[in-house]
Amino acid sequence: MVKILVLYYSLHGNTRQLARHIGRGIEQIEGCEAVLRTVADIPITTDIAIATTAATTPTVTTMKTTDPMVSHDDLKQCAAIAMGSPVRFGNMAAPLKHFLDTTSGEWLSGTLIDKPACVFTSSSSLHGGQETTLQSMMLPLLHHGMVIVGIPYSEPLLHTTCHGGTPYGASHVNHGINKQLHPDEITLAQAIGRRLATIAYKLSG
């Protein structure tokens with residue numbers, strides 16, 4: 001089986017829903033298996049906690065997940081990566097960036113060179129920075145020598161949807177915590193999963 005890593009960070013569960021549907025798209029391609037993994041939260045230090053309280057920022061509890069934490073072996077064993085994060089000020093979330101910052105060993109050894117990759121995201125508003133967040137996730141993947149896979153306009157919904165979904169990657173617009181994905185978003189998420197898996201399968205020989 002060609003193993004494809006679906007790596008994500010999710011706070012309220014919306015990015016996790018996208019990961020699940022991308023995984024379903026991957027497994028629609030014979031011979032391909034989706035391996036879902038997440039990343040750990042960054043521990044909050046006393047100084048940060050004091051600053052947060054001073055700013056009167058509400059406390060947010062991270063969503064519980066049954067998916068295992070990603071390991072560096074997952075990067076070695078996978079044939080491709082789908083990577084997702086919620087939008088954070090037009091950028092990927094800090095826990096995902098924190099994990100990527102630990103992959104210099106894989107960069108030095110060329111572990112990910114020529115493996116295909118795609119990205120996905122979720123935001124609370126249509127113009128909340130989805131495209132820049134998707135691009136921010138592409139940058140470290142390009143440094144690793146990966147081949148970026150997007151959603152081509154041969155997907156009809158990309159022309160007509162008023163919800164998430166971009167040529168840069170799958171996405172979801174969340175107008176309320178834990179709101180379900182729109183059918184257009186599900187279709188496009190599964191489409192990019194199938195495309196990633198098809199390319200990974202061909203490249204694996």
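Considering only residues two or more places apart in sequence or on other chains, His72 meets the ring-ring contact (aromatic ring centres under 6.0 Å, His included) condition with Phe99. With sequence neighbours excluded, the residues that form a side chain to side chain donor-acceptor pair (under 3.5 Å) with Arg37 are Asp74. For the side-chain contact (heavy atoms from CB on, under 4.5 Å) test, residues two or more places apart in sequence or in another chain that qualify with Arg194 are Gln28, Ile29, Gln190, Ala191. Residues passing the side-chain contact (heavy atoms from CB on, under 4.5 Å) test with Val147, sequence neighbours excluded: none. Lys115 meets the side chain to side chain donor-acceptor pair (under 3.5 Å) test with no other residue; sequence neighbours excluded. Residues passing the side-chain contact (heavy atoms from CB on, under 4.5 Å) test with Tyr168 are Glu131, Leu134, Gln135, Met138, Thr166, sequence neighbours excluded. Remark: Ser171 pairs with Gln130 by the side chain to side chain donor-acceptor pair (under 3.5 Å) rule, at least two apart or across chains. In this structure Asp73 satisfies the side-chain contact (heavy atoms from CB on, under 4.5 Å) test together with Ser71, Lys76, Gln77, sequence neighbours excluded. Thr187 is linked by a side chain to side chain donor-acceptor pair (under 3.5 Å) to nothing, counting only residues two or more places apart in sequence or in another chain.
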Residues 154-162, side-chain donor-acceptor partners within the protein, below 3.5 Å, at least two apart:
from	atom 1	to	atom 2	distance (Å)
His159	NE2	Tyr153	O	2.8
Thr161	OG1	His163	N	3.0
Thr161	OG1	Asp184	OD2	3.0

Report, one line per pair, each donor and acceptor closer than 3.5 Å where one atom sits in a side chain of residues 81-92; sequence neighbours left out.
from	atom 1	to	atom 2	distance (Å)
Ser85	OG	Ala93	N	2.8
Asn91	OD1	Ser136	OG	3.1

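Residues Gly169 and Ile192 come closest through the heavy atom pair CA-CD1, 3.9 Å. When all heavy atoms are compared, the tightest approach of Thr15 to Ser122 is OG1-CB, 3.6 Å. Between Ala79 and Ala200 the shortest heavy-atom distance is O-CB, 4.2 Å. The heavy-atom pair separating Asn14 from Ser10 by the smallest distance is N-OG, 3.6 Å. Of all non-hydrogen atoms in Ile22 and Ala170, the two that sit nearest each other are CD1-CB, 4.4 Å. Of all non-hydrogen atoms in Met1 and Cys32, the two that sit nearest each other are CE-O, 3.5 Å.
A distance-only check finds a donor-acceptor pair linking the side chain of Glu27 to the backbone of Ala34 [under 3.5 Å]. Between the side chain of Glu106 and the backbone N or O of Thr111 there is no donor-acceptor pair closer than 3.5 Å. Checked by atom type and distance alone, the side chain of Thr38 pairs as donor or acceptor with a backbone atom of Tyr8 at under 3.5 Å.
Pairs engaging residues 115-134 under the ring pair (Phe, Tyr, Trp, His ring centres under 6.0 Å) rule: none recorded [sequence neighbours left out].
Both Met146 and Leu142 belong to a single network of hydrophobic side chains, linked directly or stepwise wherever heavy atoms of I, L, V, M, F, W or Y lie under 4.5 Å apart. Linking ILVMFWY residues whenever their side-chain heavy atoms come closer than 4.5 Å, directly or via other members, places Ile148 and Leu5 in the same cluster. Hydrophobic clustering (side-chain heavy atoms under 4.5 Å, transitive across Ile, Leu, Val, Met, Phe, Trp, Tyr) keeps Val173 apart from Leu188.
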Exercise for the section: Would you please test Ile151 and Arg195 for side chain to side chain contact (heavy atoms under 4.5 Å, CB included) and show each step? Expected result: CA-CA 8 Å; Ile151 302 177; Arg195 186 167 191 236; over 6 Å; no

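Note that the CG atom of Leu112 and the OG1 atom of Thr103 stand 7.5 Å from one another [nearest 0.5 Å]. Rounding to the nearest 0.5 Å gives a distance of 8.0 Å between CG of Asp114 and CG of Leu203. Here the CG-CG distance, from Leu96 to Leu100, works out to 4.5 Å after rounding to the nearest 0.5 Å. Residue Met69 holds its CE atom at 11.0 Å from CG of Leu7, rounded to the nearest 0.5 Å. From Ile4, atom CD1 reaches atom OG of Ser204 across 8.5 Å, with rounding to the nearest 0.5 Å. In this structure, CD on Gln180 lies 11.0 Å from CD on Glu185, to the nearest 0.5 angstrom.
In this structure, His144 and Leu75 have side chains that are not in contact, with every pair of non-hydrogen atoms separated by 4.5 Å or more.
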